[in-house]
Student: 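Shown below is the structure under consideration.
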Amino acid sequence: MLDLVRTRSPEEEIVASPMAIRGLTVSYGQKPAVFSVDMTVQPGAMTAIIGPNGAGKSTLLKAALGVIKPLSGRVTVYGKPLAAQRARIAYVPQRASVDWDFPTRVRDVVIMGLYRELGLLRRVKPRHVERTMDCLARVGMTDFADRQIGQLSGGQQQRVFLARALAQEADLYLLDEPFAGVDAATEKAIIGVLKALKDEGKTVVAVHHDLATVVDYFDRVFLINTRKVAEGSVGDAFTAETLQAAYGGRLATAQIDQISRALG
Amino acid sequence: MSGADFVPLSLTPLLIGIFAAIACALPGNFLVLRRQALIGDAISHVVLPGIVVAFLLTGMIAAWPMMLGAAGAALVAVALIEAIRRLGRIEPGAAMGVIFTTMFAGGVLLLEQTDTSSVHLDVEHALYGNLESLIWLDATGWSSLLDPQALAYLPPELPRMAVTLLVVSLFTWLLWRPLKLSTFDEGFARTMGVRTGLLGLALVVMAALAAVAAFDAVGSIIVIAMFICPPAAARLMSNRLEAQICWSIVFATLSAVLGYVIAGYGPLWLGLEDAVSAAGMIATVSGLILGVTAVAGPCRTRSGAPSEG
């Protein structure tokens, strides 16, 4: 009986996964940024993508989403090609990737999350506005709906981006460094929203840089340093050995000890 | 001024000036926000070889072949800029710089090496255009607007500029959402299935269309100014893209009307004899408007530059 459960064929695994990446290689010049990476996102889990600076964490995410063009590799979303499944994916880019001086209001940014629904010319109806305001309420930004986005703090900007992703009403949420440079209150608000998504049965994947919070926030990790280093539950894959392998000499022994202790 | 004077002498140049200004300002809004505003400058340089080649092929100074030549050159330039940017992995500004100087130099060389330099393809015309000469002598007053016989002799630049404005407006209206989305957040737009590369190309093609049509009618000074000044001034008036577009149309119209009037009558008011170039004055007015908004526009400060944390 146990055997039957365990031996899922590779093909079945791909079909069941919200996002399955096979042999993904990306290069910005001569040197590959991501080399032949396989990743199988588990449904209903919260996965952290971890690795040192320049290890290809964001690149992996962007290439998987088709934001940048990979040299090779195959990506399926719930077993189908990405292009057919865009409606099921919500993406939160790095906050620093856009110009916050752009002339637009908070509510206009969130409504961008409805683009696939609204298309080119469909009218914005009251229910769309309602949904926008709901999403802003979930990240605690209701009072800022009519602010110009340049007037927000970093944490507030990050929450607006998260609200835009919520408006997409997707099944798979991919976030690029959602906790980078945000205040403690925002971090708490964001993790609350992400855990609520998980409780609804959604799948969350986030590029994450703070090793100290991995155990608290996530249940799975994916360690990368250009190549895949480890993938699995926090208990199995987030160990002193895998971290040492991913970060090489760049992680202080004291830091690893601390994490090992946190893991018990 | 009575209709009998105004309609034949001032109405058509005014309208052409206004249409050209708005047709350039509309795509200019997105180009400015995308930090690509200098593409107008680039286009104004790269069309020269196209115009010369069109003249060499057809042997005549006529609007249509020259516009086609200019449009062809603009497209070649856009393709080359994209190719250099992607293959060389360098920033768009550098790629533009390489292409537009090279093609402009090629155009000058072509002009000098063939006997075209003897014909009327002079720099002055290309720069200042010929707005004052686009008059409608067959008109006798406002009633001529309904007179098919008089309408048949409208300066052809007017319908051409009107169609260009219509095409550019339709483009902006139809693709408003993806344009806004991909200008703000290209990566996110791509995950939504917007073909951002194609859209960016279409925007530049629209800019090239407006530029080439406007060169023919009013010269390149207006084009370069209108791509940048009204949108930049409009950005300083509003924090919403929708309102910014409206302001840019207002400023473009204001520049065209004020510029035309001041060029025609300003020197007389000062007791001088000759009028000055309308195209030059329109560009000057747009620059002054930008100056005023830069000093007094309500949204000119980076209101609360994001405090980290």
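All figures in this text were calculated on a predicted structure; none of them were measured in a lab. Throughout, a chain's letter reflects where its sequence line sits, starting with A, and its residues are numbered from 1. When reading the values below, keep in mind they use all heavy atoms of this one structure, side chains included, and skip hydrogens, waters and symmetry mates.
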Student: Carefully, step by step, assess A:Glu169 and A:Arg131 under the rule salt bridge (charged side-chain N to carboxylate O under 4.0 Å, His left out).
Tutor: CA-CA 10 Å; A:Glu169 295 187 341; A:Arg131 216 165 102 197; 3.3 Å; yes
Student: Determine, step by step, whether B:Thr183 and B:Arg34 satisfy the side-chain hydrogen bond (donor to acceptor under 3.5 Å, both in side chains) criterion, reporting the C-alpha distance in whole Å, the side-chain angles of both residues, the deciding distance to 0.1 Å, and the verdict.
Tutor: CA-CA 6 Å; B:Thr183 302; B:Arg34 287 166 177 244; 3.0 Å; yes
Student: I'd like to check A:Gln157 versus A:Val182 (side-chain heavy atoms, cut-off strictly below 4.5 Å). Are they in contact?
Tutor: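 Heavy-atom side-chain distance check fails, nothing below 4.5 Å.
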Student: With respect to chain B, which residue among A:Thr186, A:Ile149, A:Ile89, A:Thr104 yields the maximal number of heavy-atom pairs within a distance under 4.5 Å?
Tutor: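 Of A:Thr186, A:Ile149, A:Ile89, A:Thr104, A:Thr104 has the most heavy-atom pairs under 4.5 Å with chain B.
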Student: Could you tell me if A:Arg164 sits above the aromatic ring of A:Phe161, with its cationic atom closer than 6.0 Å to the ring centre and no more than 45 degrees from the axis?
Tutor: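 Judged by the rule, A:Arg164 and A:Phe161 form a cation-pi pair.
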Student: What part of A:Gln168 is in contact with chain B, defined as an atom under 4.5 angstrom from a non-hydrogen atom: side chain, backbone, both or neither?
Tutor: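 A:Gln168 touches chain B through side-chain heavy atoms alone.
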Student: Measuring heavy-atom distances to chain A, does B:Thr196 have an atom under 4.5 Å in its side chain, in its backbone, in both, or in neither?
Tutor: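 B:Thr196 has no heavy atom closer than 4.5 Å to chain A.
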Student: Of the options A:Leu61, A:Leu175, A:Asp176, A:Val207, which is the one that meets A:Gln94 in a side-chain contact (heavy atoms from CB on, under 4.5 Å)?
Tutor: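 For A:Gln94, the side-chain contact (heavy atoms from CB on, under 4.5 Å) check succeeds only for A:Asp176.
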Student: Determine the option with the most heavy-atom pairs under 4.5 angstrom with chain B, choosing from A:Leu82, A:Leu65, A:Val109, A:Leu118.
Tutor: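 Sorted descending by pairs with chain B, the first entry is A:Leu118.
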Student: Using non-hydrogen atoms only, which part of A:Val92 is less than 4.5 Å away from chain B: side chain, backbone, both, or neither?
Tutor: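 For A:Val92, neither part sits under 4.5 Å from chain B.
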Student: Any side-chain heavy atom of B:Arg190 sitting closer than 4.5 Å to one from B:Arg195?
Tutor: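 No - every pair of side-chain heavy atoms lies 4.5 Å or more apart.
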Student: With a 4.5 Å cut-off on heavy-atom pairs, point out which of A:Gly66, A:Gly119, A:Ala165 contacts chain B the most.
Tutor: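 Answer, by heavy-atom pair count under 4.5 Å with chain B: A:Gly119.
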Student: Pick one of side chain, backbone, both or neither for A:Leu174, based on which atoms fall under 4.5 Å of a heavy atom in chain B.
Tutor: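 A:Leu174 has no heavy atom closer than 4.5 Å to chain B.
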Student: Keeping the roles fixed (side chain from A:Gln85, backbone from A:Val77), state whether a donor-acceptor pair exists under 3.5 Å.
Tutor: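 Answer holds: yes.
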Student: Measure up the A:Phe179 and A:Tyr217 rings against each other and bin them: parallel (under 30°), tilted (30 to 60°), perpendicular (over 60°).
Tutor: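 Tilted: the ring planes of A:Phe179 and A:Tyr217 meet at 30° to 60°.
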Student: Does any heavy atom of chain B fall under 4.5 Å from the side chain of A:Leu120, the backbone, both, or neither of them?
Tutor: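 Contact with chain B: backbone and side chain both.
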Student: Using a heavy-atom distance cut-off of less than 4.5 Å, which residues of residues 19-30 of chain B contact chain A?
Tutor: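 Within residues 19-30 of chain B, near chain A: nothing under 4.5 Å.
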Student: How would you list, by chain and number, every residue that makes a salt bridge (charged side-chain N to carboxylate O under 4.0 Å, His left out) with B:Arg240, sequence neighbours excluded?
Tutor: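 Checked B:Arg240 against salt bridge (charged side-chain N to carboxylate O under 4.0 Å, His left out); matches are A:Asp108, B:Glu242.
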Student: Do we get B:Arg177 above A:Tyr115's six-membered ring, with its NZ or CZ under 6.0 Å from the centre and within 45° of the axis?
Tutor: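 Output no; distance or angle outside limits.
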